[in-house]
Engineer: 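Below is the structure I would like to discuss, written out as structure tokens.
Small disclaimer: the values here were computed from a predicted structure and weren't measured. Note: hydrogens, waters and symmetry copies are ignored here, and every other heavy atom, side chains too, is used. Naming convention: chains lettered A, B, ... in sequence-line order (proteins, then strands); numbering from 1 in each chain.
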Protein chains: 2
Amino acid sequence: MGRDALTVPLIAARAGVTPSTVYRRWGDLRELLSDVAVERLRPDGAPADHGSLRADLEAWAVQFAEEMSSTAGRTYIRDALLGDPEQGNAVRCSDYAAEQLKAIGVRAAGRGEAVPDVETLLDVVVAPLMYRILFRPSDLSAAYTDRLVATVLGRSSAPPTPKS
Amino acid sequence: MGRDALTVPLIAARAGVTPSTVYRRWGDLRELLSDVAVERLRPDGAPADHGSLRADLEAWAVQFAEEMSSTAGRTYIRDALLGDPEQGNAVRCSDYAAEQLKAIGVRAAGRGEAVPDVETLLDVVVAPLMYRILFRPSDLSAAYTDRLVATVLGRSSAPPTPKS
DNA sequence: AGCTTAACGCGAAGAAGTTGCGTCTCGGTC
DNA sequence: GACCGAGACGCAACTTCTTCGCGTTAAGCT
């Protein structure tokens with residue numbers, strides 16, 4: 001069935017309940033889709049270990065870019081952003097990325113590597129990717145993501161203001 | 001009247017036409033709001049001249065952050081993003097920022113200053129601001145925007161890959 | 001066992017979205 | 001100057017979604 005032809009009565013029928021139940025629980029189709037989107041955007045597991053901070057970040061960024069820039073990914077992002085005016089679901093999406101980056105950072109620190117702040121990673125790697133996905137149809141090639149990672153690694157790797 | 005209580009029949013009545021006319025022309029309330037949002041997000045005029053590239057960028061970034069992070073601004077951004085699956089309106093918003101940055105850059109070049117690439121400015125200054133506005137409720141203080149500007153000015157100011 | 005609370009189904013009423021048809025106006029053409 | 005085609009709009013009927021009150025059921029607690 002069509003994605004944008006989705007309606008609350010259809011979902012209710014599929015779920016075996018009446019539409020009023022769905023309306024009472026979620027109040028709106030957008031809120032429901034927003035919750036669904038957040039669930040779909042949740043990362044599967046811990047980011048893969050490639051042996052070095054740079055390799056981990058590059059691999060993660062490439063995968064992130066691919067998933068988020070796909071048609072399905074962009075739909076989920078838009079749904080997540082739209083359905084919740086309180087930004088709760090948007091924050092959740094950002095937290096997913098932050099958690100993954102945090103895990104990569106902890107692992108790198110275990111290897112003795114200098115690790116950039118998560119906030120810095122969000123600003124330098126995630127934000128440009130997301131901005132381009134949402135606002136500009138551009139190529140998010142591995143070369144581009146690698147450049148972003150190189151930027152953040154070439155910079156002050158241990159900022160004086162740790163977050164935790 | 002309530003912002004989210006807006007409906008096509010209301011708009012049609014205000015415009016003195018029948019709802020079917022509005023539906024035929026825009027097809028959807030979201031598309032209409034998207035077009036309205038883009039119009040509202042259009043910058044008023046050329047960015048102010050403060051005598052130096054750094055001052056111009058800082059002033060522009062602060063104003064941009066204030067406007068976009070306000071309740072009205074975020075609503076417009078969301079409307080613009082949401083109403084157009086083809087991303088045409090989102091691209092338009094990004095182009096607005098790019099044009100402003102371009103103007104600042106041209107002016108700085110006229111002064112003999114080294115000017116960062118517009119793409120770089122978008123990645124380093126605009127993207128983090130927009131990402132935080134959309135995904136993270138954080139303070140977009142002047143200190144933060146200044147730090148973003150300092151980052152982009154401290155970096156390679158004339159990348160080897162000019163865009164135009 | 002009896003009570004409270006929350007959730008659901010049901011059905012009606014209201015509002016929004018959709019469509020086909022007729023009319024009008026604006027161009028261009030003979 | 002009259003005719004004709006295209007596009008846009010109003011009108012109205014129809015479908016679908018959305019909301020709401022009421023009665024019922026099931027779960028948890030005393």
Engineer: Please confirm whether the backbone N or O of P47(B) pairs with a side-chain atom of R107(B), one donor and one acceptor, at under 3.5 Å?
Structural biologist: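 Side chain of R107(B) to backbone of P47(B): a pair is present.
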Engineer: Can a donor-acceptor pair be found between the side chains of Y131(B) and R136(B) at a distance below 3.5 Å?
Structural biologist: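 Judged by distance alone, the side chains do not pair up.
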Engineer: Nearest-Å distance, CG (L29(A)) to P (dT19(D))?
Structural biologist: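 Whole-Å distance recorded here is 11 Å.
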Engineer: When you list every nucleotide of DNA chain C with an atom under 4.0 Å from a heavy atom of chain B, which one comes first 5' to 3', and which comes last?
Structural biologist: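 First-to-last contact on DNA chain C, by the 4.0 Å heavy-atom rule, is dA16(C) to dG20(C).
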Engineer: Could you give the OH-to-P distance, from Y23(A) to dG21(D), as a whole number of Å?
Structural biologist: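 Checked: the OH to P distance equals 17 Å.
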Engineer: Using five pairs at either end of the helix from dA1(C)-dT30(D) to dC30(C)-dG1(D), determine the angle between the two local helix axes and round it to 10 degrees.
Structural biologist: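 Comparing the first five pairs with the last five, the axes sit 20° apart.
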Engineer: Looking at every heavy atom in both F135(A) and M130(B), which two are closest together, and how far apart are they?
Structural biologist: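 Reported closest heavy-atom pair: CE1-CG, 3.5 Å.
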Engineer: Under a 4.0 Å threshold between the charged nitrogen and the carboxylate oxygen, would R111(B) count as salt-bridged to D56(B)?
Structural biologist: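 Result for this pair is yes, salt bridge flagged.
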Engineer: Atom CD1 of I11(A) to atom C1' of dC17(D): distance rounded to whole Å?
Structural biologist: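 After rounding, the reported distance stands at 13 Å.
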Engineer: Using a 4.5 Å cut-off between side-chain heavy atoms of Ile, Leu, Val, Met, Phe, Trp and Tyr, which other residues end up in the same hydrophobic cluster as V91(B)?
Structural biologist: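 Traced through the cluster, V91(B) reaches no other member.
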Engineer: Between R78(B) (side chain only) and L81(A) (backbone N and O only), is there a donor and an acceptor less than 3.5 Å apart?
Structural biologist: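 Here the side-chain-to-backbone pair exists.
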Engineer: Under a 4.0 Å threshold between the charged nitrogen and the carboxylate oxygen, would R42(B) count as salt-bridged to E39(B)?
Structural biologist: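 Counted as a salt bridge, because a side-chain N and a carboxylate O are separated by less than 4.0 Å.
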Engineer: Please enumerate all residues that pass side-chain contact (heavy atoms from CB on, under 4.5 Å) together with L140(A), with sequence neighbours excluded.
Structural biologist: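 side-chain contact (heavy atoms from CB on, under 4.5 Å) list for L140(A), sorted by chain: A65(A), S69(A), L129(A), R132(A), I133(A), S138(A).
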Engineer: Tell me, for nucleotides 8-13 of chain D in 5' to 3' order, what letter each nucleotide earns: B for a base near a protein heavy atom under 4.0 Å, S for only sugar-phosphate near one, - for neither?
Structural biologist: SSBB--
Engineer: For Y76(B) versus R40(B), what's the shortest heavy-atom pair and its separation?
Structural biologist: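 Taking every non-hydrogen atom into account, OH-NH1, 3.1 Å.
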Engineer: Return the set of residues passing side-chain contact (heavy atoms from CB on, under 4.5 Å) with D84(A) (not counting sequence neighbours), or none when no residue passes.
Structural biologist: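 If we apply the side-chain contact (heavy atoms from CB on, under 4.5 Å) test to D84(A), skipping adjacent residues, the hits are S34(A), E86(A), N89(A).
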